Amino acid sequence: MIDKFSPDIAEALDGIPDAATILLGGFGAVGQANLLIEGVLETGVRNLTIVANNAGYGKVGLARLLKEGRVRKLICSYPRIVGSTIFEELYSSGKLELELVPQGTLAERMRAAGAGIPAFFTPTGANTLLSQGKEMRDYNGLPHVLEQALYGDVALVEAWEADRWGNLTYRDAGRNFNPVCAMAAKLTIAQTQHVRELGALNPEHIVTPGIFVDRVVHIPCGDPVG
Amino acid sequence: MIDKFSPDIAEALDGIPDAATILLGGFGAVGQANLLIEGVLETGVRNLTIVANNAGYGKVGLARLLKEGRVRKLICSYPRIVGSTIFEELYSSGKLELELVPQGTLAERMRAAGAGIPAFFTPTGANTLLSQGKEMRDYNGLPHVLEQALYGDVALVEAWEADRWGNLTYRDAGRNFNPVCAMAAKLTIAQTQHVRELGALNPEHIVTPGIFVDRVVHIPCGDPVG
Amino acid sequence: MTQKNWTPLDRNAIAKRVAKDIPEGWYVNLGIGVPTLVADNVPADREVIFHAENGILGIGPAPEPGKVNPWLINAGKQYITLMKGGSYFHHADSFSMIRGRHLDLCVLGAYEVSASGDLANWARSSTDTAPAVGGAMDLAIGAKRVWVAMQHVTKDGAPRLVESCAYPLTSMACVKRIFTDLAVIDVTPQGFAVREIIDGLSFDELQAMTGAPLIRQDAA
Amino acid sequence: MTQKNWTPLDRNAIAKRVAKDIPEGWYVNLGIGVPTLVADNVPADREVIFHAENGILGIGPAPEPGKVNPWLINAGKQYITLMKGGSYFHHADSFSMIRGRHLDLCVLGAYEVSASGDLANWARSSTDTAPAVGGAMDLAIGAKRVWVAMQHVTKDGAPRLVESCAYPLTSMACVKRIFTDLAVIDVTPQGFAVREIIDGLSFDELQAMTGAPLIRQDAA
């Protein structure tokens, strides 16, 4: 019987190596797999590359990973949000490498990785600081940038519901980057608020089919905090 | 008040010009907007480029458009299915141009058009007859083909439910190419089996948000035929 | 100093003026700041569908106190509500809507706009200590129309409408209309064309606060 | 002619042999023909999740007579059922699963397979009168493993396992294992390696019906 549930966070996170690239779902405080992220801290891995829209929110999750010096590089669209002082300190002191990526390009690069598309042309960012050094080509009379797929070793996502096949749903704005991260990583680990029996999720309403999910852990952590 | 419903098929199809590129949802007999497609026949337009996975199924919809000689070119992954004799006659007699595209590339080229991605690299079809003359590049140690977005002037899709904002759901295997076609065309027209009040569709369960849909017509045509 | 005969619009009045130009049925993304205020200024009987980068169509008014849904925020991380007919989708789909030119309009704030419609709104210098771009570049290149809502001049009185931007660009030649506290200005092939000036302010006074030539244009 | 000491496997027996090698938990796409028969040959207590190109995960057994859902077909346009835990998605997402290497296995039919694993299964000539490719090229390049289920020789007795394919290629160097009515053969860097031969058929007899050198390999 297929059963992707792990009994606890430690087992769910087993095997993440140093220097891994970890994709994090979430936007603002909503839909972040904070307990998995903090579990990564406890595994002791270092030298991580983190892909996330924000550089942590509040004092939880990614903010803690950053503070503890586990992150070598951040690939991110909007690191500077209210309360992201940890990021600013690390970045200005040269302790953290930053790859700034337009938000839509960030999402599309992960989606491309999950979809087997190694590179694509996008108009976003053409002829700006963020396209410097990249291959350019005109389409439809406008300049476009060639962007590369962004592959994760691990993705950490937060779901609203999950079943033992790893099928996931999300809640409201908690969907955001989560389905995109889930498809782009070799090892996708979900924390879920609710567990459902196989067959209880309507096949029309499953957002992330279990094929994109390797492990699930039940963490009924309630409303977003951050 | 936004109301995308058209009172009848003729009005829903108003304004399609000769030589238009029309994207058709559907796979096999399921999820085809047959009554809209046959409505196109009645508008008298000619010289069409049709994008569809199959070259018509049975004697309805696209099969009729082909038979009446309205189609100049077919962009298609699997024209040869049981009963597609009309296609084979037209093709072998040189009356129909065929662009054969792998099924996943067909879907991805339309998705790219809808997503503002003019071109992308894919491993599918590399070093085959279907990549001849196309730009190639190696990624991850494998050859890839540069494929172009496939834009539609019009998309004809079949939905299960629709509301006046044009939000759509589908039924079972009726989803297939429909959401992809809907996002890739300048003018997207849906025929829907059921009409729902605004707000009756759960926002988590809407598959094609109304932003991708211009017109809807209520056609409770029942189970797939063809 | 001569006495001013004019009073600049406040932030909400700018937003109200933007809202006036948005017809029913448009799909609209609103940037952070003054643009966000536009939503509440659309007449209640005019259906406009607001989009948020984080996967939402059909944003409704701000929630009443005590009725906040902590799972429902906009791209500015403010709590919102969802209208009937609203929908949720993931980030790649959300930016397909943006990049794929499905939005009728995006209203953004700006540091500077050039006479050719170049937009600078994401970084104050090329060596910004902690830059953040978010969805600005996607919106600027993707929406069918980009309008800017901003103060006409900086706090120091320097013009924000300029011949060419000094700040790093967000996107080239994308801005179509600018709503400031002083005027409504179109970006045309000939440059900045004035559509409206606030009461009491003369064309020449407006020109003096603008860093590129203005073209007279009757509102008609 | 000497009497044969062997009987080739029938179509269902080939499918059964394929099913034996599929472990629990794999995501598997089955091509048209013999591969489609694999699903019904997986032991009932072994959960394998079958995928269809037209947007389905979790295909169940064929529907009972009178209980057909006309909206539920597989990529071969046959009526199917959905298992508990199944899901629907659109074509671009479906081929993301395929192209993005999320499928553990795809079982395809073939006209020819070469000793380097090249697959030819979509067209009989470069001037096919009405070619059709479907999802074959996506599956061949995308699945983590491609296995082929086919007859060992053509109706005319010509080998289908060859040094290099005469028919147009579907994809290069993609086939890992071949299940025929006569043998199970791995494609290795050294060429075709025989894992199993049906009872009564000798290695040399199998070699005689094969268009490229076979390597002896113990099943252990």
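Because the structure is a prediction, the values reported are computed rather than measured. Order of the sequence lines fixes the chain letters, A, B, ..., with proteins taken first and strands second; residue numbering starts at 1 for each chain. Any value given below was found using the heavy atoms of this structure, including those in side chains, with hydrogens, waters and symmetry copies removed.
The stretch residues 57-68 of chain C places C:Leu57, C:Gly58 near chain B, each with some heavy atom under 4.5 Å from a heavy atom of that chain. Using a 4.5 Å heavy-atom cut-off against chain B, the contacting residues of residues 42-54 of chain C are C:Glu47, C:Ile49.
Comparing B:Gly199, B:Ala184, B:Ala112 by heavy-atom pairs within less than 4.5 Å of chain C, the highest count is held by B:Gly199.
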Could you pull out all donor-acceptor pairs under 3.5 Å where a side-chain atom in residues 202-214 of chain B meets a protein atom, sequence neighbours excluded?
unit_1	atom_1	unit_2	atom_2	d
B:Asn202	OD1	B:Glu204	N	2.8
B:Glu204	OE1	A:Arg175	NH2	3.3
B:Glu204	OE2	A:Asp172	N	2.7
B:His205	ND1	A:His205	ND1	3.4
B:His205	ND1	A:His205	NE2	3.3
B:His205	NE2	A:His205	ND1	3.3
B:Thr208	OG1	B:Tyr170	OH	2.6
B:Asp214	OD2	B:Thr188	N	2.7

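Note that the CZ atom of B:Arg164 and the NZ atom of C:Lys84 stand 9.5 Å from one another [nearest 0.5 Å]. Note that CE of B:Met183 and NE2 of C:His102 are 5.5 Å apart. Values are rounded to the nearest 0.5 Å. In this structure, C:Glu24 CD and B:Asp3 CG are separated by 10.0 Å, a value rounded to the nearest 0.5 Å.
Residues B:Trp165 and C:Tyr27 share a closest heavy-atom pair of O-OH, 3.7 Å. Nearest heavy atoms, B:Arg111 versus C:Ser96: NH2-OG, 3.4 Å. Counting all heavy atoms, side chain and backbone alike, B:Leu198 lies closest to C:Gly85 at CD1-CA, 3.6 Å. Taking all atoms of both residues into account, the shortest heavy-atom contact from C:Ser87 to B:Asn167 is OG-OD1, 4.3 Å.
For residues 164-181 of chain C, the side-chain hydrogen bond (donor to acceptor under 3.5 Å, both in side chains) pairs, not counting sequence neighbours, are C:Asp21-C:Arg177, C:Asn121-C:Thr170, C:His152-C:Thr180, C:Arg177-C:Asp186.
Atom CZ of B:Phe5 has more than 12 neighbouring heavy atoms from other residues, nucleotides or ligands inside a 6.0 Å radius.
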